[in-house]
**Student:** 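First, the structure itself, so that you have it in front of you.
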There are 2 protein chains.
Amino acid sequence: MIYDLLKQNILKNVQFSKSELDTFCKHFHPKIIPKKEILLSQGEICKFEGFVLEGCFRLFTIDNKGNEITLYFAVKDWWLMDVDSFLNKTPSSINIQALEDSKILMIDKSDKLALYQSLPVVEKLFRIMSQKALVAWQRRLIRNHCYTAKERYHYFLKTYPDISLKLTDKQIASYVGITHEFLSKLKKQPADQ
Amino acid sequence: MIYDLLKQNILKNVQFSKSELDTFCKHFHPKIIPKKEILLSQGEICKFEGFVLEGCFRLFTIDNKGNEITLYFAVKDWWLMDVDSFLNKTPSSINIQALEDSKILMIDKSDKLALYQSLPVVEKLFRIMSQKALVAWQRRLIRNHCYTAKERYHYFLKTYPDISLKLTDKQIASYVGITHEFLSKLKKQPADQ
DNA sequence: AAAAATAGTTGAACTTGTTCAACTATTTGT
DNA sequence: ACAAATAGTTGAACAAGTTCAACTATTTTT
């Protein structure tokens with residue numbers, strides 16, 4: 001069933017009854033996003049939340065010097081949104097673009113806010129999801145300080161072997177935080193040196 | 001009253017009734033932490049959450065090369081904990097140290113978990129606090145890529161003028177992500193150059 | 001008040017990663 | 001299948017930030 005993956009994802013974080021799962025899921029609607037399409041553009045206000053079923057997305061921002069920084073790549077079982085823009089109704093500073101033909105489950109902001117009201121356990125779900133995400137961002141910041149570019153690159157390959165197969169080196173470089181020219185040079189060196 | 005600041009902090013994030021505020025606060029106990037004392041050490045499991053009333057704390061990690069990376073400084077109105085360790089019962093990778101004689105409100109993990117049960121609006125409070133924190137970490141990672149060391153240093157001074165007065169340059173450098181020698185050189189240059 | 005420890009400064013040599021430019025290889029659109 | 005666009009490679013010059021060491025200034029401890 002179309003909601004199976006979403007239900008599994010929820011149950012990884014918190015206990016939901018069968019009926020709670022159904023109530024939750026029925027507000028999510030499938031959507032096909034063709035390759036290259038932009039789901040959210042820098043400047044727009046994010047009024048949805050998405051859950052990836054198939055394909056791959058890149059969430060990135062473009063700084064004032066024109067550099068692209070990739071926040072993360074989202075494949076099957078990942079969530080898509082700009083928390084900042086969604087929460088604070090501010091223009092988004094990120095772009096969400098499909099790197100492949102993709103399929104997501106989408107919920108409108110108004111439906112999500114209604115869910116928080118009608119199904120209190122949803123607060124717990126997103127409390128836990130947010131705390132886990134927060135921890136991941138903390139760790140990434142620490143890695144960015146402690147690890148060299150080369151170590152960060154190999155960490156990425158090791159941590160997301162499946163995702164990295166779908167990406168160009170340029171996209172990986174924008175996640176690792178280096179130029180693609182330098183990544184090209186790194187690749188020539190053996191991993192341990 | 002001792003809980004005034006905590007109550008204000010809560011109301012910034014979510015609407016609590018007077019009785020909800022009281023029920024929430026009564027599980028927090030004041031604690032004095034003298035200067036230099038370590039509230040949580042790397043390796044320990046974090047079984048509390050703290051809210052700063054007075055003084056100043058540094059949350060930092062020491063990497064395998066012996067470098068100190070400061071996650072953040074916590075003064076009045078900031079929260080203290082290692083979310084990762086608290087949530088996942090894993091040995092903490094951070095140290096929390098008082099930089100001055102300080103006073104906090106502290107809640108035990110078991111009391112906090114009980115609060116989630118007895119007062120459902122607490123889930124909402126921490127859902128929102130976590131989402132805001134998550135956004136702050138996202139933004140910091142982006143700044144670390146886009147800004148030079150000098151820009152990050154001046155951003156810190158501008159954003160936390162009150163906190164920076166309490167800190168040594170060495171501590172600031174460990175937040176900005178540079179050596180204190182380099183910070184010393186940066187300070188000689190005019191801010192805009 | 002003296003001694004010890006910690007913080008801050010400075011310079012020289014060095015390392016890591018960037019920039020720019022020219023080129024080759026691969027993918028995409030028609 | 002061809003043209004156009006995009007991705008990847010390579011090298012040389014450069015810039016940002018580190019390391020190490022020697023020194024001075026300030027703070028803490030006794």
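As a basis for the values below, the full set of heavy atoms in this structure was taken, side chains included, without hydrogen atoms, waters or symmetry mates. Below, chain A is the first sequence line, B the second, and so on; all start at residue 1. Treat the numbers as computed from the prediction; the structure is a model and nothing was measured.
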**Student:** Under the salt bridge (Lys or Arg N to Asp or Glu O under 4.0 Å) criterion, do B/Lys12 and B/Asp77 qualify, and how do the steps go?
**Tutor:** CA-CA 11 Å; B/Lys12 272 191 241 171; B/Asp77 209 31; 2.6 Å; yes
**Student:** How many Å lie between CD1 on A/Ile69 and C1' on C/dT18, as a whole number?
**Tutor:** 15 Å
**Student:** Is the B/Tyr160 ring parallel, tilted or perpendicular to the B/Tyr175 ring (thresholds 30°, 60°)?
**Tutor:** perpendicular
**Student:** By nearest nucleotide on DNA chain D, pick out whichever of A/Lys188 and B/Gly177 is the more 5' one.
**Tutor:** A/Lys188
**Student:** Which two nucleotides bound the region of DNA chain D that has atoms under 4.0 Å from heavy atoms of chain A, read 5' to 3'?
**Tutor:** D/dA7 to D/dA12
**Student:** Using whole Å, what does the distance between atom C1' of nucleotide C/dT15 and atom CD1 of A/Ile178 come to?
**Tutor:** 16 Å
**Student:** Calculate, to the nearest 0.5 Å, the distance between atoms CD1 and CG belonging to A/Ile96 and A/Leu59 respectively.
**Tutor:** 4.5 Å
**Student:** Under a 3.5 Å distance rule, please check whether A/Asp108 uses its side chain to pair with a backbone N or O of A/Ser110 as donor and acceptor.
**Tutor:** no
**Student:** Rounded to whole angstroms, how far apart are CG on A/Asn67 and C1' on C/dG17?
**Tutor:** 13 Å
**Student:** In whole angstrom, give the distance that lies between atom NZ of A/Lys185 and atom C1' of C/dT18.
**Tutor:** 8 Å
**Student:** May I have the distance from B/Phe182 (atom CZ) to C/dG17 (atom C1'), rounded to whole angstrom?
**Tutor:** 14 Å
**Student:** A cation-pi test, strictly: NZ or CZ of B/Lys109 under 6.0 Å from the centre of the six-membered ring of B/Phe86 and no more than 45 degrees from its axis. Yes or no?
**Tutor:** yes
**Student:** For a side-chain contact (heavy atoms from CB on, under 4.5 Å) check, start with the C-alpha distance between A/Ile163 and A/Gln171, then their side-chain angles and the critical distance, and finish with the verdict.
**Tutor:** CA-CA 11 Å; A/Ile163 301 183; A/Gln171 290 161 346; over 6 Å; no
**Student:** With a 4.0 Å limit, can you tell me whether A/Thr179 has a side-chain N or O closer than that to the phosphate oxygens OP1/OP2 of C/dG17?
**Tutor:** no
**Student:** Think A/Lys35 has a side-chain N or O under 4.0 angstrom from the OP1 or OP2 of C/dT28?
**Tutor:** yes
